[in-house]
Amino acid sequence: MTTTTTTSSSLLALPSFRSNCKQQRPNFKVRAQVSGEKATSVEPVNGSVSVSNLQDPKVNGKVKFQRREEIELLWDDGYGSKSVKDYFAAAREILKKPDGGPPRWFSPVDCGQPIKDAPTLLFLPGMDGTGMGIVPHQIALGRAFHVWCLHIPVHDRTSFQGLVKIVEDVLKQEHATDPNKPIYLVGDSFGGSLALAVAARNPSLDLVLILVNPATSFERSPLQPLLPILEMVPEELHFTIPYALSFIMGDPLKMASIGIDNQLPAGTKLKMLREKLTNSMLPLLSELGGIIPRETLLWKLKLLRSGAAYANSRIHAVQAEVLLLASGNDRMLPSQEESKRLYGLLKNCTVRCFKENGHTLLLEDSISLLTVIKGTCKYRRSRRYDFASDFLPPSQGELDFALQDLLRFLRNAVSSVFLSTMEDGRIVKGLAGVPDEGPVLLVGYHMLMGLELGPMSEAFIKEKNILFRGMAHPILYSENGSGKEFDYMDWIKVFGAYPVTATNLFKLLSSKSHVLLYPGGAREALHNRGEQYKLIWPDQQEFVRMAARFGATIVPFGTVGEDDIAELVLDYNDLMKIPILSNYVSQVTRDTKEFKLREESSGEVANQQLYLPGLLPKIPGRFYYLFGKPIHTKGRPELVKDKEAAKQVYLEAKEEVEKCIAYLLKKREDDPYRSVVDRLSYSLTHLPENDVPSFEP
């Protein structure tokens, strides 16, 4: 069976490649798919394309793309293994035999086969038109999406409306195949205008737009005064234009930084950066002249202008869900300013700013695009986002970033100690006493500002290969600004935090997850002076009844150490006495009232004031965790309906948490390395792999 790539109205193949420096002849290989059919392996044969169905592990020696049911914890997302060097290699290969079109779709080999029920993602390129702009991200995206990229040949002169029609045809075809799944459009620069135009013409389709520095602000570009000059540059000097534009469009330093470990010594990092810049990055930029010849550049500039005008004139009709990524150092377009404008115009828009990056955000050192999608809760496989079934576990790269960039200081400062209780009552080091099999409900004391969460999550991942799902206040999921960066609040979503609701708890326990619940909630985490280690729990025992419904094991735990790293000097009551601060706190508290939590509760636990307390840092001590004896609810169906029996289990769990706290407060006095000074002294005289010891349980 053979087929050729002569039309653009369906998902057909353009040969993608895997570069091999030892072979003079490129090895072409791509997955080709017409929507609704099985994936196939494609290799060019005498100018046509041979298509063979992949059903066995190997077919005639060819590797099979195996579908995975779900993504495993600490999977390899490949981010950092591909860089702008690979982008240029891919662009060079795809442009070896330039043609006049038409535009067509291809799926990069690196994307592989996605997980079960994965949605489709269509990448719409920027000015280059190659479709290779997601090279650093395609391994990760390929695990979560069916990825297809639009390639616009160098000499193609399809109008903007023609490109809209090409994308529109594919959208309708995909929607007809599976109308209950969303379709993702990732629009980079010019592709952002194209995505908005398509969405405006198809308001009834379930679309998720991811716009990366969209070119809808082209008329306000700082380059506008220079555009007439470009038309006057003679052909023999054109090679200088793309080279000069490359420094305006992107940040060569950021591009060269992909794959360089931030934790390396400064001297080593600078050496690697210098080598990448001089040996590969800067020489590659000169190749832009081949990717965008003079006539193509002039045509693309006309497309940018017409595309921006077309999209802006119809933007009021866009009903799609939108994630807008804006660079703060974009010298080609006023992207941050444009993000504010679009945020005000679009009905369902979330913005994340990357202040240090340039226009070519997807090719620069930043964060994996899939990480941003997950952290903003934009990944879904049906019409509505489900915090249980749509969650994708963190990758090894995401864990490394979190530990090294977000939690490094806290981890080193508190050197956490973990203890757990076995079934026979013995207290042991580590987490052996916590059941491996779910469902498990962890209930415990919420330290000041939730400082215990990071080290605790790390311990469960590293020792038990378990990611517990922690319940968080719903305000963390509210979007009320256009200047928000991708920050800690987004990262806790990447690591499994979800809004505290009975429905979400039901779904997670039914899926046999390990779930973290703080009965004291925000009131306990933002306690007043003199309330450290005091449990502020409600009277309701609903979590016991929910656990019993699924036969979950309840594991009470206690944590201590907040008083060893900071002293609480200004609590809520103190702040309300200071006029300037009280106005701010009142506003924040007013914003939280739309989230109706614990309406059935009364007393202080029902008060969910969210504020930043005044803290006076101390020379760090140490964090201690003790997980108490597990409480089994399996085989106890009476707990579901018998409130009195459930109350007894509730009081048992609460008492166990209090015992754990009392035990730790007493035993930490016997820890010879409680102070960070003593731990530092120990580290200087022992090998790095040796953990700093503590008291014997």
Side-chain angles (χ1 to χ4, degrees), residues 79-80 82-85 87-88 125-128 133-137 186-193 210-227 241-260 262 266 269-270 272-274 276-277 280-282 284-285 288 292 301 304 308 323-343 349-369 371-372 375-376 401 405 481-488 490-491:
Y79 187 69
K82 301 282 185 178
S83 67
V84 71
K85 180 179 180 181
Y87 160 78
F88 277 106
M127 276 186 63
D128 63 307
I134 55 171
V135 162
H137 309 271
V186 177
D188 183 17
S189 186
F190 167 74
S193 297
I210 301 172
L211 310 178
V212 185
N213 297 322
T216 46
S217 61
F218 182 68
E219 289 301 325
R220 290 176 281 122
S221 169
L223 300 181
Q224 284 292 339
L226 302 177
L227 297 183
I241 301 301
Y243 189 78
L245 284 177
S246 67
F247 290 91
I248 298 173
M249 294 175 64
D251 185 340
L253 288 175
K254 282 285 186 181
M255 292 180 182
S257 295
I258 292 183
I260 298 179
N262 286 332
K269 286 174 60 179
L270 286 174
M272 294 178 64
L273 186 60
R274 183 174 63 250
K276 291 185 74 172
L277 278 172
S280 60
M281 184 71 244
L282 296 179
L284 286 171
L285 294 179
L288 280 173
I292 312 178
L301 292 174
L304 280 170
L323 172 60
L324 202 163
L325 311 183
S327 294
N329 197 26
D330 190 341
R331 293 186 290 268
M332 181 176 176
L333 297 171
S335 291
Q336 280 211 305
E337 180 183 319
E338 180 68 357
S339 69
K340 296 177 183 178
R341 185 182 77 91
L342 293 177
Y343 179 80
C349 182
T350 298
V351 177
R352 289 296 180 269
C353 295
F354 298 84
K355 294 184 177 179
E356 303 300 322
N357 289 90
H359 185 69
T360 53
L361 175 61
L362 296 179
L363 293 176
E364 299 177 15
D365 184 35
S366 181
I367 301 174
S368 166
L369 179 57
T371 301
V372 178
T376 52
F401 182 90
D405 290 65
S482 60
K484 190 177 187 299
E485 296 185 62
F486 194 85
D487 57 18
Y488 180 79
D490 295 314
W491 276 103

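For reference, positions follow the sequence shown, starting with 1.
- Below 30°, between 30° and 60°, or above 60°: for F354 and F486 the angle between ring planes is below 30°, a parallel geometry.
- Here the CZ atom belonging to R352 is positioned 13.5 Å from the CG atom belonging to L361, to the nearest 0.5 angstrom.
- Under the side-chain hydrogen bond (donor to acceptor under 3.5 Å, both in side chains) criterion, S368 pairs with no residue at all, not counting sequence neighbours.
- With a 6.0 Å radius and a threshold of 12 heavy atoms from other residues, nucleotides or ligands, K484 has its NZ atom above the threshold.
- Every residue meeting the side-chain hydrogen bond (donor to acceptor under 3.5 Å, both in side chains) condition with T371, not counting sequence neighbours, appears here in chain and number order: E398.
- Residues satisfying the salt bridge (charged side-chain N to carboxylate O under 4.0 Å, His left out) criterion with R220, sequence neighbours excluded, are E337, E338.
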Kindly determine whether M127 and M332 satisfy side-chain contact (heavy atoms from CB on, under 4.5 Å), including the steps that lead there. CA-CA 12 Å; M127 276 186 63; M332 181 176 176; 3.5 Å; yes
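- Shown here are the ring pair (Phe, Tyr, Trp, His ring centres under 6.0 Å) partners of F190, two or more places apart in sequence or in another chain: F160.
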Chi angles and distances behind the side-chain contact (heavy atoms from CB on, under 4.5 Å) call for V84, T360: CA-CA 10 Å; V84 71; T360 53; over 6 Å; no
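- The closest side-chain heavy-atom distance from S189 to N213 is not below 4.5 Å.
- For the pairing with S335, the side chain to side chain donor-acceptor pair (under 3.5 Å) check across N357, T216, D330 returns one residue only, D330.
- In terms of heavy atoms, A215 sits closest to S193 at C-OG, 3.4 Å.
- To the nearest 0.5 Å, atoms CG (L323) and CG (L211) are separated by 8.0 Å.
- A distance of 7.5 Å separates CD1 in I210 from OG1 in T376, rounded to the nearest 0.5 Å.
- Contacts of Y79 classified as ring pair (Phe, Tyr, Trp, His ring centres under 6.0 Å), with partners at least two apart in sequence or in another chain: H137.
- With sequence neighbours excluded, the residues satisfying side-chain contact (heavy atoms from CB on, under 4.5 Å) with K355 are Q336, E485.
- In terms of heavy atoms, P214 sits closest to G192 at CB-CA, 4.1 Å.
- For the side-chain contact (heavy atoms from CB on, under 4.5 Å) test, residues two or more places apart in sequence or in another chain that qualify with D188 are F123, V212, L362.
- L325 places a side-chain heavy atom less than 4.5 Å from the side chain of L369.
- For S217, the side-chain hydrogen bond (donor to acceptor under 3.5 Å, both in side chains) test picks out no residue, with sequence neighbours left out.
- Closest non-hydrogen pair, S482 versus S339, comes out as O-OG, 3.9 Å.
- In terms of heavy atoms, G133 sits closest to L363 at O-CD2, 3.7 Å.
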